[in-house]
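Just so we're on the same page: letters track the sequence lines, and every chain starts at 1.
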Number of protein chains: 2
Amino acid sequence: MAAELRRPERTFTIRQLCVEFKVTPRALRFYEDKGLLSPAREGLNRVYNHRDRARLTLILRGKRVGLSLAEIREILDLYKVEDGGATQNAKSLRKFRERIVALEAQREDIEHALSELRGACERLEAHLAKARPDLLVETGGPQVPPQRVRLDGLQTATAK
Amino acid sequence: MAAELRRPERTFTIRQLCVEFKVTPRALRFYEDKGLLSPAREGLNRVYNHRDRARLTLILRGKRVGLSLAEIREILDLYKVEDGGATQNAKSLRKFRERIVALEAQREDIEHALSELRGACERLEAHLAKARPDLLVETGGPQVPPQRVRLDGLQTATAK
DNA sequence: GCGGCCGTTGACGTGAACGTCAACGTCAAC
DNA sequence: GTTGACGTTGACGTTCACGTCAACGGCCGC
């Protein structure tokens, strides 16, 4: 039955991951080239398991927050040695903390940018309200959330 | 007296801005090439005023949050027409709102990444505490804040 | 047996954001 | 008067993150 497909043994073809995450096969192979992914092989074909998929999630999030692939790899490697030697772990800890500080700084930047944009928005709204209230539209329609595609026909926890 | 230097009439050479913001002259010229900056000239030499400097602040923040120069330019141009025609303003408003939504999504990503990193940190700390408590260092020393350099010898509001 | 679709491996191309270098002008200091 | 710091304009080089394309293999349906 379908529940089978959710079990961790589930594997994915390259295209399945591509469709789900909206990336190209080229990109996945590129990440592999750079050591960010290393899916199993079935003959020549790549076979991704749930761990590869999780890594991909991290990779893409890393990209979205502006990290380079090299930086992302560094972080992933830190996880890898999470059970390695103690000295290594101490170094990893330092690097993790550096990342955290950097991300917090970036969040600050985003807050700044947001409040500036919001300010501009309000000024524009006020201006338009006086000049051409007819052009004033509310915040924005239904805005279909960029629902990620599942290839296995399963819903993403649509509450029973 | 020195207060003169803080007044808005104050101008900057390319190198002064470069040192203050830690960018290269090449970068500033590049931004100019792309229409992000347009300093006055004194003969051939570029002369930046306080508005140029403010724009540069925005540009660099935009970069730090992951925007491309083209996107940054778009935003700056939106400000430019903030007092233009009403139809234009309505369009600008939509674009601003789009940006805000995107930035909020990015902030979400950052929160996610942060909590993952923090989790990893805690696991590492716990592990180290058991294995080699001697290697456990507190969050991090004085950490000289990346104080931006002022060339005019002024302090950045160091509270009297 | 062959047309499609999926997959593979090179290899080359591309756009963004600069870096680097050459060749030149200008002005103050020595 | 020449050295050196600062400025200018090209023009070419480089890195990153892929896109694109060629050439090939495997398998399914007809």
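Nucleotide D/dC18 holds its C1' atom 14 Å from the CD1 atom of A/Ile72, rounded to whole Å. In this structure, CG of A/Leu36 is placed 13 Å from P of D/dC16, rounded to the nearest angstrom. Atom pair A/Arg73:CZ and D/dC16:P shows a separation of 13 Å (rounding to whole Å applied).
Proximity of the aromatic rings of B/Tyr79 and B/Phe96 is defined here by a centroid distance below 6.0 angstrom, and this criterion is met.
A donor-acceptor contact closer than 3.5 angstrom links the side chains of B/Arg61 and A/His112.
Looking at residues two or more places apart in sequence or on another chain, you find a side-chain hydrogen bond (donor to acceptor under 3.5 Å, both in side chains) between A/Arg132 and A/Asp134.
A distance of 11.5 Å separates NE2 in B/His50 from OG1 in B/Thr11, rounded to the nearest 0.5 Å.
When the shell of 6.0 Å around CZ of B/Arg118 is examined, it contains more than 12 heavy atoms from other residues, nucleotides or ligands.
One finds no salt bridge joining A/Glu98 and A/Lys91 here, because no Lys/Arg side-chain nitrogen approaches an Asp/Glu carboxylate oxygen to under 4.0 Å. We find that B/Glu20 and B/Arg15 are not joined by a salt bridge, their nearest charged nitrogen and carboxylate oxygen being 4.0 Å or further apart.
The strand DNA chain C forms stems, runs of 3 or more Watson-Crick or G-U wobble pairs with distances below 3.5 Å, at C:1-30 with D:1-30.
Here the rule is side chain to side chain contact (heavy atoms under 4.5 Å, CB included) with B/Leu60, and of B/Leu56, B/Thr57, B/Leu58 only B/Leu56 fits it.
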Summarise how protein sits on nucleotides 5-20 of chain C as a single string, 5' to 3': B when a protein heavy atom is under 4.0 Å from the base, S for sugar-phosphate-only contact, - for no contact.
--SBB-------BBBB
